[in-house]
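Reviewing the structure listed below.
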Amino acid sequence: MKLLVLNCGSSSLKYQVFNMQDESVLASGRVERIGMEDAILTHEPAGKEKIKQVKQILEHKTAILEVLEVLRSKQAGVIQDFSEISAVGHRIVHGGEDFSASVLITPEVMNTITECIDLAPLHNPANILGIEAARESMPDTPQVAVFDTAFHQTMPKKAFLYPIPMQLYKKYKVRRYGFHGTSHKYVSEKALEILNIPLESSKIISCHIGNGGSVTAILDGKSLDTSMGMTPLEGLMMGTRSGDIDPAAVLYIMNKEEYTLQDINSMLNKHSGLIGISGISSDMREIEEGLLNGNENATLAFDMYEYRIRKYIGAYAAAMNGVDVLIFTAGVGENSPILRKKICENLTYLGVELDSQANEIFSKSARMVSTPNSKVKVLVIPTNEELVIARDTQRIVSS
Ligand code: ADP
């Protein structure tokens with residue numbers, strides 16, 4: 001069975017084609033700058049030369065048509081005909097309270113995803129465009145939705161409710177939903193497999209640290225609490241997002257600067273976090289460079305970033321009355337030994353003992369970076385959200 005996995009953002013589209021017989025990736029790629037005259041299509045077919053095309057791609061539908069074209073092209077193709085694609089799996093950011101698992105996309109499911117636009121105005125519209133475009137190009141191919149929020153639907157009320165008047169939850173569903181669920185689920189299951197620990201008696205803290213970041217407490221295989229909230233703005237300090245801040249400070253700033261809702265939204269989402277504090281970059285690689293060169297602002301940004309991750313780990317160890325496994329994943333989590341070191345050297349009270357040599361090794365494989373004696377096992381696990389989407393898609397269309 002060959003499957004296409006699509007991850008549509010507002011101006012980009014990432015894709016992978018899987019052969020589910022052995023879960024191998026036949027091709028992967030991305031279209032960037034959708035909506036522009038010089039959009040970029042990068043396509044990497046397994047065993048063939050990578051190609052890059054710059055062309056006008058004004059909408060998602062055209063982007064998907066371009067992808068389907070290159071997938072069956074002579075030079076870089078991996079299929080002969082669309083009919084070889086048995087199903088399409090879509091990453092959907094917000095599923096609200098209605099989806100606790102992946103589902104086959106029906107008109108009712110589309111309605112619910114559309115209703116969730118309110119909760120994720122930056123993400124769900126692009127996801128919907130992706131579904132519509134794929135459906136137009138391949139009308140007979142089943143499509144599956146895999147939600148970032150689904151894994152966190154196991155959170156108890158005490159974790160997902162905000163202490164504000166209850167009617168706001170009842171009326172508008174204002175609550176914590178959490179994100180990166182596909183990633184937290186994948187890495188926690190992988191950790192249990194590596195460590196041979198049964199799901200039913202495990203306390204895991206999973207740190208997904210990329211451009212966006214979230215920490216999740218996973219008790220007995222289920223999400224108990226997570227740092228992102230109703231939107232992906234809450235929680236950790238991120239590349240350009242503030243994370244946690246006193247809501248009264250937001251009101252104060254709006255008043256003083258005479259900000260509109262759009263201004264404050266943009267300030268908190270795009271001009272805060274690493275870039276806001278350092279004034280240098282939202283990219284951890286550049287922050288680390290600044291840190292090594294003794295740049296004060298970069299050092300402060302790094303320290304705040306690390307400190308806030310560590311505080312969440314402490315909070316979640318308290319929430320679960322302990323922790324057995326600590327996982328680092330995503331761009332920064334997988335590739336920044338210095339961040340992992342700073343975090344772990346201040347978690348000795350929990351029983352974390354980092355193996356400093358193992359921590360320095362760069363690898364694309366899952367690996368243990370704690371010493372054999374460490375009470376808490378620390379793992380670096382490359383996330384693979386696309387594979388989870390492909391597996392769920394296969395399961396749903398096969399049943
Ligand atoms: P996204 O949230 O966009 O999926 P990723 O998980 O791909 O993000 O993470 C992207 C971030 O990973 C980059 O902004 C960069 O800061 C960080 N990163 C990538 N490689 C390294 C590295 N070698 N060292 C430190 N940080 C890195």
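Every heavy atom of this structure was used, including side-chain atoms; hydrogens, water molecules and symmetry mates were not. Both counts, for ligands and for their atoms, begin at 1 and track the order of listing.
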Please determine, by modelled atom types, if [X] and [Y] share a side-chain donor-acceptor pair under 3.5 angstrom.
X      : Y      : value
Ser281 : Asp283 : no
Thr182 : Glu385 : no
Asn373 : Thr371 : no
His152 : Ser223 : yes

Below 4.0 Å from ligand 1: does a non-hydrogen atom of Gly239 turn up there or not?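 So Gly239 does not count as touching ligand 1.
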
Give the residue, atom name and distance (to 0.1 Å) of the protein heavy atom nearest [atom].
atom                    : answer
atom 22 (C) of ligand 1 : Asn335 CB, 3.4 Å
atom 15 (C) of ligand 1 : Asp283 OD1, 3.2 Å
atom 26 (N) of ligand 1 : Met284 CB, 3.6 Å
atom 4 (O) of ligand 1  : Lys14 NZ, 4.6 Å
atom 17 (C) of ligand 1 : Val332 CG2, 3.5 Å
atom 3 (O) of ligand 1  : Asn211 ND2, 2.9 Å
atom 5 (P) of ligand 1  : Gly331 N, 3.7 Å

Going by an N to O cut-off under 4.0 Å, is there a salt bridge joining Lys185 and Glu189?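 Here Lys185 pairs with Glu189 in a salt bridge, since their nearest N and O are under 4.0 Å apart.
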
SB check Asp38 Arg33 (cutoff 4.0 Å):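 Yes, this pair counts.
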
For Gly212, the ligand 1 atoms whose distance to one of its heavy atoms is below 4.0 Å: 2 (O)

